[in-house]
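These notes are about the structure you will find just below.
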Amino acid sequence: MQLEKDEITMNYNFREIEAKWQKYWAENETFKALNNSEKPKYYALSMFPYPSGAGLHVGHPLGYIATDIYARYKRHKGFNVLHPMGYDSFGLPAEQYAIQTGQHPAITTEANIKRYREQLDQLGFSFDWSREVRTSNPSYYKWTQWIFIQLFNSWYNKTSDKAEEISGLVALFEKDGNEAVNAAFDDDTPIFNAEDWNSFSDRTKQEVLLKYRLTYLADTEVNWCPALGTVLANDEIVNGVSERGGHPVIRKKMTQWSMRITAYAQRLLDGLDTIDWPQPLKDSQTNWIGRSEGASVTFNVLPPAPSIGRGANIRLTGNSAIIGILLERAKEMRKRPTPAEAKLWEALRGKKLNVKFRRQHPVHNYIVDFIALEKGLIVEVDGKIHEYQLDADAQRTLELKQKKGFKVIRFTNDEVLHDIDGVVSKIKEVLNSLPSGEGWGGDQIEVFTTRPDTIFGVSFMTLAPEHELVSKITAQEQKEAVDAYVEATAKRSERDRMADVKTISGVFTGAYAEHPFTKEPVPIWIGDYVLASYGTGAVMAVPCGDQRDYDFAKHYDIAIPNIFEGVDISEEAFADKATTVIANSDFLNGLDYKKAVKKAIEELEKLGQGEGKVNYRLRDAVFSRQRYWGEPFPVYYVDGMPQMIADEHLPLELPEVEKYLPTETGEPPLGNATHWAWNSIENKVVSNEKIDNNTIFPLELNTMPGWAGSSQYFNRYMDPHNDNAIYSKEAIEYWEDVDLYIGGSEHATGHLLYSRFWQKFLFDKGIAPKEEFAKKLINQGMITGTSAFVYRLRFQVKPGYKTSLENILKIVDNMPVVYLSKNLFDQNVRDKSKNAGENAFLEKLLEKYANADKAWTHDISVKFSRLHVDVTFVNASDELDIKAYQNSIPEMQNIVFESEGNGNFGLEREIEKMSKSKYNVVNPDAICEEYGADSLRLYEMFLGPLEQSKPWNTAGITGVHSFLKKLWRLYHTGPNGEFYVTDSPPLEGQGEALKSLHKTIKKVEEDIKNFSFNTSVSTFMICVNELTSQKCTSKAILEPLAILVSPYAPYIAEELWEKLGYTESIAEAPFPKFEEKYLVESSKEYPISFNGKMRFTMQLPLDMAKDEIEAAVMGHEKTQAQLQGRTPKKVIVVPGKIVNIVG
RNA sequence: GCUCGAGUGGUGGAAUUGGUAGACACGUUGGACUUAAAAUCCAAUGGCCAUUGUGGCCGUGCGGGUUCAAGUCCCGCCUCGAGUACCA
């Protein structure tokens, strides 16, 4: 018994130490942060986890450890440190589990959190647990709902460039309508004046306001995942399938809440320059926002049968280049009609035939006698078309008829003068046969282009098949083909479309647009390479300058005009902006890219057909999910219009449901709730039966997405228990923002973009003092697993066996499954025949286990497979612990292990992602049990640079573990290994120890500054090795050393600190101060190199002058040996660094 | 395809502004202690050649270049990883 007790004091008993300090920290609230302090603040944050059922594996804590080291270091440096932790506890897995088992997600979540907490506690983090938040707690999501309401009550004023109260917008509408308002709003918003607005019904007003609110309800094309029964955000889809579960996703139109994040596109982009985040992360946000500069250009659709009204048509049907002359001419002609024209006009004018006719009307390059625009009918008298300016060749007549789609009928003067009734009835007849072309004319196609400089290279236009104009403009004769194409594309899933980028497909609509400058007709195609969701869903195709347009043009044999000077485009498009010189482009000729863009935009603006424009790829974020386990929207519906629940009645708590699946009518799971109606008088949730749509209304059935709760949690930590506000002004003014944020790179475009958006919004509203929530962000790399493999042999009956099946089966059934060790496999089987008959080794095995006549063994074959072996049964030398492994598998399995000669059973190792299915998951609990949390913390850091991904191999942990033992022993050099530290001041000869210490202080501080934690672990090892060999026992050295180590290995540091005589925790002990004076060297071991190659070293005083060094080196016998009599051409001496002899 | 990142011993990885490549560990080999094992300690360990010893040659993905000197800087390639994907 005595012996055991001694051993406890002597040895590094990490289990006891760690349990002791865990308790101490919890009881003394050692890491509790104060919201007011004389000290400077420091806010260190790790991304909070989703508490999954599997618990933590060794990869998870990597980032937490790094943050913790930094937080602890800052505490030693005299900062008031906020280092909180919580749980992102709403989420899909708990809900899926609920669907399968009926278990309430809150219960599973609670259990998972409990396990997480145990694991986190064990790892020795300096979290202030008093500030824990859980996104699924009503007291937390009250404020998520509150922010939602704030967004609902705000609009984005582009003039002040910030979010403002919606009431201000209403005031503007009341005064001036919406035309002059510069806001972020929906495209389909109608224009109204003050009078209109004031006459709108309340409902209409609400509808209009929804088009301006920062969160709004709208019919949106969403990514619907039938298998999950919910909508997914773009960033929740990976390769066309759901990120969770890999289910197919289709496009569907649904009424959904959306977040107007697009209003913040530019600020989200600009803000990236102000924060110290990893470049790849910034790049991916930049990419996601997708800003491109260019121009929007309006193309007028040339009408086959232009429509009625709106005076604008007069311009639209005529070639605008010559419209002035045409109109003048037409006027003149109207003044002097022929008798026949006059007579017919009397019969047609004033809608006598129920159709409005115009006379002497310009169409394209011509003036026609009479035209019914809405029917596309031209009536010509005397069989003539008054041509103007251009030759009346057959081509142009054809153009009017076919390309422009007009029906032309002709009468002679005689017919009109003598049989006006017959003529009119003929016209009536034709009119009746024509479809009403209402809405045909006056259509415009707006495109976005980044290359307005290439506008003269346009030879066609392409619309997305979903473009709203497609059905309108498609010519009769192309209708069938276009419809078929549109239908075919709609059917194709996103995934198909993505997988199949190479195939070129499209259909001509039969319609033409007019080129803004040349006024030439430009054919309009549709093609699925144009995306409805980007830009305007239409492109001006410039085949010579864009490869996709080029390929399309080649495929459909469309002209490819070359507008580049000295460039060959016979093989491919030319897209190099830097070397672009424009040609064949009228006023753009000879200009480079930049100048041509500017000029083209200027000219377009003159025409009123374009302007410079910035386009973003970023879409508004869909915010509704058809799930149960998420934040309920604080919304009820009156007359179908959403109403917010007043702040003082929040939180609106998640109702109980019987089933977590969608309802039979396809409503979200909350549709199952029986108690889910809002009493607007009593302001409480009541039974659905009471809904009267008078005072009691239905509540919203969707819930918020996973990112809702995580978009502001970092601010809530500052004042997590505040019930009156999301946080107090004092709290956020003290803490301001996160100084260091560490987490995985997978959140680059999800959490980290949405959080920045919400933060900017809160900043606009004066609720947050900083526009960016995290100054510095680090992505920790992934820890991958090292899988272990074994080769398994099974004996089988060979197909085409020659003897009795019954007998062979008898033998085979009794044969074991053989596991081959790696070396045996490598030497005897890999790269060799796996047919027993041709492989002596296998033949031998077969005979060994068949225990049968040779005749029988010919009918037995060997089948190989490579199996994952659970890494818990693998030792440091990649060998299998056969006994332990056997104990883990069912007994009835007859397995034999073919080991190597020395009895070891080697395994093959391979790096793979850490996952349950690969049996390579390493559990931190087991590591802590065997080596302790300090060892785990050190080892995770020791593995390599924080930001790199690196493989886990438990074997290596013995290195850091024995370091900790050495560290312990350094303080326990007394008799029987008792604690022994000398109090006496540093003696003579302690120079070396002080040097070791200060070298370490310097390096560790540098490392922490650079987040290079792996190298500081090495530094500690070197220091302890040095002090051990120096037999250092001085308190003056060992005390600061304990503080140095404490951020990395806090448990052992606390224990040593206590043994050194302190009664307070080491947590706030001041970090040792580095003193340069202990590192001053008097001499240096110079590397002496010859032609750049180091040959030997020489100890020389550091204060030696350059020429003295040269003389000393040249005088050295080894120098002479190296030179072998040659005279050096040059001797380079860099004092304090190197000597290089050339020659 | 585009964007970004990375290639160094058997393995993880060091190497500050160009200045002794492989620190520190793991693993391996040999040795000490032990009845034995574990633990601990000592020594060797980039490759090749030579060797009693001193030593020599090659070497940071490949090919060039700049420099007294290149893992590090420049040019051109190759491979791997991550993100993104018809973005007009």
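Side chains are part of it too, since the values below use all heavy atoms of this structure and drop only hydrogens, waters and symmetry mates. If you're wondering where the values come from, they're calculated on a predicted model, not measured in any experiment. In what follows, chains carry the letters A, B, and so on, assigned in the order in which the sequence lines appear, proteins first and then strands, with residues in each chain numbered from 1.
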Under a 3.5 Å limit for both distances, which nucleotide forms a Watson-Crick or G-U wobble pair with [N], could you say?
N: B:C68; result: B:G19
N: B:A38; result: none
N: B:C33; result: none
N: B:C2; result: B:G83
N: B:U60; result: none
N: B:G27; result: B:U45
N: B:G53; result: none
N: B:A88; result: none

Distance check needed: [N] [atom2] versus [X] [atom1], whole Å only.
X: A:Ile289; N: B:G83; atom1: CD1; atom2: C1'; result: 15 Å
X: A:Trp288; N: B:C4; atom1: CH2; atom2: P; result: 19 Å
X: A:Gln948; N: B:C4; atom1: CD; atom2: P; result: 19 Å
X: A:His961; N: B:G12; atom1: NE2; atom2: C1'; result: 19 Å
X: A:Glu1026; N: B:A23; atom1: CD; atom2: P; result: 15 Å
X: A:Leu964; N: B:A39; atom1: CG; atom2: P; result: 16 Å
X: A:Lys1137; N: B:A15; atom1: NZ; atom2: C1'; result: 13 Å
X: A:Tyr529; N: B:C86; atom1: OH; atom2: P; result: 14 Å

Practice task
From the options B:C41, B:G83, B:G13, select the nucleotide whose nearest atom is closest to the side chain of A:Pro951.
Solution key: B:G13

Exercise for the section: Look at the side chain of A:Pro1087 and decide which nucleotide, out of B:G19, B:U3, B:U20, has an atom nearest to it. Expected result: B:U20

Exercise for the section: Tell me which residues in residues 1017-1025 of chain A put a heavy atom below 4.0 Å from RNA chain B, sorted by number, or none. Expected result: A:Ser1018, A:Met1021, A:Ile1022, A:Asn1025

Using the [atom1] atoms only, state how far [M] lies from [N], rounded to an integer number of Å.
N: B:G27; M: B:G22; atom1: P; value: 22 Å
N: B:G18; M: B:C73; atom1: P; value: 9 Å
N: B:C58; M: B:A69; atom1: P; value: 15 Å
N: B:U29; M: B:U16; atom1: C1'; value: 36 Å
N: B:U67; M: B:G19; atom1: C1'; value: 12 Å
N: B:U72; M: B:U60; atom1: C1'; value: 10 Å
N: B:G47; M: B:G59; atom1: P; value: 16 Å
N: B:G56; M: B:C74; atom1: P; value: 33 Å

May I ask you to say what [X] touches in the nucleic acid, namely base, sugar-phosphate or nothing, with a heavy-atom cut-off under 4.0 Å?
X: A:Glu1085; value: base
X: A:Lys965; value: sugar-phosphate
X: A:Asn1014; value: sugar-phosphate
X: A:Lys913; value: nothing
X: A:Asp546; value: nothing
X: A:Val1134; value: base

Check the phosphate of [N] against [X], side-chain N and O only, distance under 4.0 Å to OP1 or OP2. Yes or no?
X: A:Lys1130; N: B:C68; value: yes
X: A:Ser292; N: B:A88; value: yes
X: A:Arg548; N: B:C87; value: yes
X: A:Arg1095; N: B:C57; value: yes

Distance-only donor-acceptor check, side chains [X] and [Y], under 3.5 Å:
X: A:Ser787; Y: A:Asn920; result: yes
X: A:Tyr529; Y: A:Asp549; result: yes
X: A:Gln285; Y: A:Thr749; result: no
X: A:Asn615; Y: A:Ser292; result: no
X: A:Tyr1086; Y: A:Thr1097; result: no

Exercise for the section: For atom CD of A:Gln1099, decide whether the heavy atoms of other residues, nucleotides or ligands shown that lie under 6.0 angstrom number more than 12. Expected result: yes

Exercise for the section: For side chain to side chain donor-acceptor pair (under 3.5 Å), just list the numbers for A:Ser1012 and A:Thr1015, CA-CA rounded to whole Å, side-chain angles, deciding distance to a tenth of an Å, and then say yes or no. Expected result: CA-CA 6 Å; A:Ser1012 172; A:Thr1015 48; 2.6 Å; yes

Completion exercise
Between A:Pro945 and A:Gly535, the residue closer to the 5' end of RNA chain B by nearest nucleotide is A:Pro945

Handout entry: Of A:Lys966 and A:Ile1141, the one whose closest RNA chain B nucleotide lies more 5'
Key = A:Lys966

Handout entry: Test salt bridge (charged side-chain N to carboxylate O under 4.0 Å, His left out) applied to A:Lys1003 and A:Glu1005, step by step
Key = CA-CA 6 Å; A:Lys1003 176 77 174 138; A:Glu1005 280 211 278; over 6 Å; no

Problem - Where the chi angle of B:G10 falls, syn if within 90° of 0 and anti if not - result: anti

Practice task
Could you grab the distance from atom OH of A:Tyr616 to atom CD1 of A:Ile289, nearest 0.5 Å is fine?
Solution key: 8.5 Å

Problem - A:Glu929/A:Arg15 ion pair, N-O < 4.0 Å - result: yes

Exercise for the section: Could you tell me whether A:Lys995 and A:Glu1026 have a side-chain N and a carboxylate O separated by less than 4.0 Å? Expected result: no

